[in-house]
Each structure stands twice: as C-alpha cells, then as structure tokens.
Q: 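Dropping the structure in here first, questions after.
Note that the numbering runs from 1 along the sequence shown for the chain.
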Amino acid sequence: MTAPATTTTTPTALITGASRGLGAAIARELAPTHGLLLGARTADSLAGVLAQLPGARPWPVELTDYDALARAAAPIGRLDVLVHNAGVAELGHIAESSVQQWRNTLEANLIAVAELTRLLLPALRAAKGHVVLINSGAGLRANAGWGVYAASKFGLRAFADALRLEEPDLRVTSVHPGRIDTDMQRDIVEGEGREYRPGEFLTPETVARAVRTAVETPRDAHPTEIVLRPIAR
C-alpha cells in the first residue's frame with residue numbers, strides 16, 4: 001500500500017532591522033530553513049541583503065508609524081519566528097539627556113517592539129511560534145553614559161518575561177550580546193573618542209548563530225535567555 005502523501009510548510013521568520021549588520025546576519029543564518037520577511041524602514045535599504053537571499057521578501061515599514069505597522073502586519077496569518085532586532089542607541093550621561101532622547105529611545109527599543117508583537121500575536125499563536133528579542137548586555141547592567149539605552153533594554157527584558165508568562169504556547173528568548181562589530185558600534189566608538197578595533201567585539205555572525213541555535217532548540221526546551229560576551233584579546 002502506498003503511504004499517504006504528506007505536505008510540509010516552510011516556517012516563516014520576520015526579522016526587523018534586517019538591512020545590514022546583525023539583522024542581515026540573522027537573515028543569512030535562517031535562510032536555509034525559513035521563508036524570510038525582512039524588515040527595514042525602506043525597500044531600497046534592503047536591496048543588498050535581498051540580492052544575497054533571493055528567496056526573501058521585503059517588509060518595509062517604519063516601526064514607530066503605528067498605522068503603517070498595523071497595515072503591514074495585517075496580511076501575516078501565521079508566523080513561526082519573530083526576531084526583534086531593530087533599535088537605536090543614543091548614548092550620553094543622564095545630566096545631559098533630553099526628553100526627546102528618552103522618547104526616541106523608548107519608542108524604538110520598547111514601545112514599537114511591544115506593538116508589533118501585539119499585532120502579530122494571532123499569527124504567532126497559530127504557529128506556536130518563537131519571539132526572539134535582541135537585547136544587550138546593557139539590559140542586564142547599566143553603565144555610566146548608557147542610562148537611557150539601558151533603561152529601554154531593561155524594559156525590553158521585562159516585556160519578554162511578561163510575554164513568556166502570558167503566552168505559554170510561545171517560546172520567548174532574550175538575547176543579551178556584548179558589543180558587536182557593526183556600523184552602529186563604529187558610531188558609538190567614535191562618540192567615545194577612541195580608536196576602533198574590530199577584534200574587541202563579537203561578530204554579527206556569532207550572535208546570529210546563537211539566534212539560530214535558539215530557534216532550532218527542540219520543543220521540549222525553552223531557551224529563555226542567552227548571554228554572549230566577547231573574549232578579550
């Protein structure tokens with residue numbers, strides 16, 4: 001007797017901030033096993049990574065434009081993996097901080113993450129999906145000059161912890177990498193007034209591999225937190 005035919009559906013992953021750096025590295029790691037939706041502010045900024053991953057689809061939207069975000073999320077009926085990678089880093093001491101800096105940072109790093117997750121909960125529930133939040137070492141410990149950024153990342157960790165409890169059918173992973181060799185890191189080091197040495201930092205590929213490992217962890221385990229630090233050289 002011939003066995004009945006079975007059909008398999010390729011899981012789908014949505015990655016925000018996927019145009020370059022860590023987001024693009026995560027896209028390359030997940031591409032062999034997932035259909036990809038690659039998020040960025042504009043379609044043009046995704047041209048480079050889409051050329052590397054021709055099967056991926058662009059998902060351009062400004063994450064803090066909540067009407068546009070709702071329209072972009074509406075067609076997604078099922079989502080296996082949501083990787084929140086997009087964010088901003090405006091550093092400086094609290095004494096010199098501004099209300100606008102606090103608003104910009106919390107809006108991008110926390111509020112937009114919460115709203116996109118909320119919009120996509122039906123799609124994630126349908127797949128019993130996995131939410132991966134790219135946090136930071138600053139989400140575990142705040143240092144001088146990083147107060148605004150750290151506050152947003154501490155909030156992001158609290159959001160992940162609450163989501164994990166409220167949505168028991170989902171897996172929720174907070175990834176806390178140390179500083180990563182990216183264009184954003186170059187801007188930060190320039191602002192610190194010191195020489196940029198790439199060997200001091202994690203590579204995007206290393207952090208992306210950790211994300212892939214979390215996603216591929218068998219379903220009898222829940223990878224709740226991953227902490228990565230660069231090895232001093």
Q: Under 3.5 Å, which donor-acceptor pairs do the side chains of residues 126-137 form with other protein atoms, sequence neighbours left out?
A:
unit_1: His130; atom_1: NE2; unit_2: Thr173; atom_2: OG1; d: 2.7
unit_1: Asn135; atom_1: ND2; unit_2: Lys153; atom_2: O; d: 3.0
unit_1: Ser136; atom_1: OG; unit_2: Ala138; atom_2: N; d: 2.9

Q: Determine, stepwise, if the pair Ile76 / Trp59 fulfils side chain to side chain contact (heavy atoms under 4.5 Å, CB included).
A: CA-CA 11 Å; Ile76 302 174; Trp59 196 74; 3.8 Å; yes

Q: Should Leu69 and Val113 be counted in the same cluster of Ile, Leu, Val, Met, Phe, Trp and Tyr side chains packed under 4.5 Å apart?
A: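 Result: yes, single cluster for both.
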
Q: My understanding is that only residues two or more places apart in sequence, or in another chain, count here; which of them pass salt bridge (Lys or Arg N to Asp or Glu O under 4.0 Å) with Arg209?
A: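 Counting only residues at least two positions away or on another chain, Arg209 forms a salt bridge (Lys or Arg N to Asp or Glu O under 4.0 Å) with Glu29.
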
Q: Who are the side chain to side chain donor-acceptor pair (under 3.5 Å) partners of Asn85, not counting sequence neighbours?
A: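 For Asn85 there are no side chain to side chain donor-acceptor pair (under 3.5 Å) partners, ignoring immediate neighbours.
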
Q: Using every non-hydrogen atom in the two residues, find where Ala13 and Leu30 come nearest and quote the distance to one decimal.
A: CB-CD1, 4.0 Å

Q: For Asn109 and Leu156, run side chain to side chain contact (heavy atoms under 4.5 Å, CB included): C-alpha distance rounded to whole Å, both residues' side-chain angles, the deciding distance at 0.1 Å, then the answer.
A: CA-CA 7 Å; Asn109 293 357; Leu156 187 63; 6.0 Å; no

Q: In chain order, what residues pass the side chain to side chain donor-acceptor pair (under 3.5 Å) check against Thr105, with sequence neighbours excluded?
A: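 Per chain and number, Thr105 pairs via side chain to side chain donor-acceptor pair (under 3.5 Å) with no residue.
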
Q: Mind checking the CD-CG spacing from Glu225 to Leu140? Nearest 0.5 Å is all I need.
A: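 Reported to 0.5 Å precision, the distance equals 6.5 Å.
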
Q: So which heavy atom on Thr64 is nearest to which on Ala112, and how close?
A: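 Looks like CG2-CB, 4.1 Å.
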
Q: Please report the interatomic distance OH(Tyr66) to CG(Leu119), rounded to the nearest 0.5 Å.
A: 10.5 Å

Q: Side chain to side chain contact (heavy atoms under 4.5 Å, CB included) between His34 and Val81: does it pass, once the steps are laid out?
A: CA-CA 9 Å; His34 290 73; Val81 179; 3.8 Å; yes

Q: Applying the 4.5 Å side-chain criterion to the ILVMFWY set and letting contacts propagate, would Leu79 and Val83 be lumped into a single cluster?
A: no

Q: Could you name each residue pair satisfying ring-ring contact (aromatic ring centres under 6.0 Å, His included) that touches residues 149-177, not counting sequence neighbours?
A: Trp146-Tyr149

Q: Could you list the residues that satisfy side chain to side chain donor-acceptor pair (under 3.5 Å) with Arg118, not counting sequence neighbours?
A: Glu115

Q: Under 3.5 Å, side-chain donor or acceptor atoms of residues 163-171 against the rest of the protein: list the pairs with distances, not counting sequence neighbours.
A:
unit_1: Arg164; atom_1: NE; unit_2: Val172; atom_2: O; d: 3.0
unit_1: Arg164; atom_1: NH1; unit_2: Asp161; atom_2: OD1; d: 3.0
unit_1: Arg164; atom_1: NH2; unit_2: Val172; atom_2: O; d: 3.1
unit_1: Arg164; atom_1: NH2; unit_2: Thr224; atom_2: O; d: 3.2
unit_1: Glu167; atom_1: OE1; unit_2: Arg125; atom_2: NE; d: 3.0
unit_1: Glu167; atom_1: OE2; unit_2: Arg125; atom_2: NH2; d: 2.8
unit_1: Arg171; atom_1: NH1; unit_2: Thr217; atom_2: O; d: 2.9
unit_1: Arg171; atom_1: NH1; unit_2: Pro218; atom_2: O; d: 3.1
unit_1: Arg171; atom_1: NH1; unit_2: Ala221; atom_2: O; d: 2.8
unit_1: Arg171; atom_1: NH2; unit_2: Val215; atom_2: O; d: 3.4
unit_1: Arg171; atom_1: NH2; unit_2: Thr217; atom_2: O; d: 2.9

Q: How long is the span from the OG1 atom in Thr206 to the CZ atom in Phe201, to the nearest 0.5 Å?
A: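 Answer rounded to 0.5 Å: 14.0 Å.
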
Q: Grab the two heavy atoms, one from Val148 and one from Ser97, that are nearest each other, plus how far apart they are.
A: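 Looking at all heavy atoms of both residues, the closest pair is CG2-CB, 4.1 Å.
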
Q: According to a 4.5 Å side-chain heavy-atom criterion applied to Ile, Leu, Val, Met, Phe, Trp and Tyr, with indirect links allowed, do Leu37 and Leu124 form part of one hydrophobic cluster?
A: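 As far as the 4.5 Å side-chain criterion goes, Leu124 and Leu37 are connected within one cluster.
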
Q: What distance do Leu82 atom CG and Asp80 atom CG have between them, rounded to the nearest 0.5 Å?
A: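 With rounding to 0.5 Å, CG (Leu82) is 11.0 Å from CG (Asp80).
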
Q: Output side-chain donor-acceptor pairs under 3.5 Å for residues 44-54, partner residues at least two apart or in another chain, one line each.
A:
unit_1: Ser45; atom_1: OG; unit_2: Thr42; atom_2: O; d: 2.8
unit_1: Ser45; atom_1: OG; unit_2: Thr42; atom_2: OG1; d: 3.3
unit_1: Gln52; atom_1: OE1; unit_2: Arg28; atom_2: NH1; d: 3.1

Q: Can you find a side-chain donor-acceptor pair between Thr117 and His84 that sits under 3.5 Å?
A: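 Yes, side-chain donor-acceptor contact under 3.5 Å.
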
Q: Quick one: list whatever passes side chain to side chain contact (heavy atoms under 4.5 Å, CB included) with Pro60, sequence neighbours left out.
A: Ala43, Pro58

Q: Got a sec: does the NE2 of His93 have more than 12 other heavy atoms crowding it under 6.0 Å?
A: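 Not buried by this count: 12 neighbours or fewer within 6.0 Å.
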
Q: Only counting residues at least two apart or in another chain, list the ones meeting side chain to side chain contact (heavy atoms under 4.5 Å, CB included) with Asn104.
A: Glu90, Gln100

Q: Could you state the interatomic distance from CG (Leu22) to CD1 (Ile180), rounded to the nearest 0.5 Å?
A: 4.5 Å

Q: Can you tell me if Arg229 has over 12 outside heavy atoms packed within less than 6.0 Å of its CZ?
A: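 Correct, the count exceeds 12.
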
Q: List the residues meeting side chain to side chain contact (heavy atoms under 4.5 Å, CB included) with Arg71, not counting sequence neighbours, and say none if there are none.
A: Asp67, Ala68

Q: My understanding is that only residues two or more places apart in sequence, or in another chain, count here; which of them pass side chain to side chain contact (heavy atoms under 4.5 Å, CB included) with Leu228?
A: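 For Leu228 the side chain to side chain contact (heavy atoms under 4.5 Å, CB included) partners, ignoring immediate neighbours, are Leu202, Val207, Ala210, Ile226.
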
Q: Please give me the minimum heavy-atom distance between Ala86 and Leu63, naming the atom from each residue.
A: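 Answer, listing the atom of Ala86 first, then Leu63: CB-CD1, 3.7 Å.
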
Q: Say you draw a straight line from CG of Leu120 to CG of Leu14; how long is it, rounded to the nearest 0.5 Å?
A: 6.5 Å

Q: Could you state whether Val61 and Leu110 fall into the same hydrophobic cluster, counting links through intermediate Ile, Leu, Val, Met, Phe, Trp or Tyr residues with side-chain heavy atoms under 4.5 angstrom apart?
A: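 Same cluster.
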
Q: Is there a chain of hydrophobic side chains (I, L, V, M, F, W, Y, each step under 4.5 Å between heavy atoms) that links Leu121 to Ile111?
A: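 Same cluster.
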
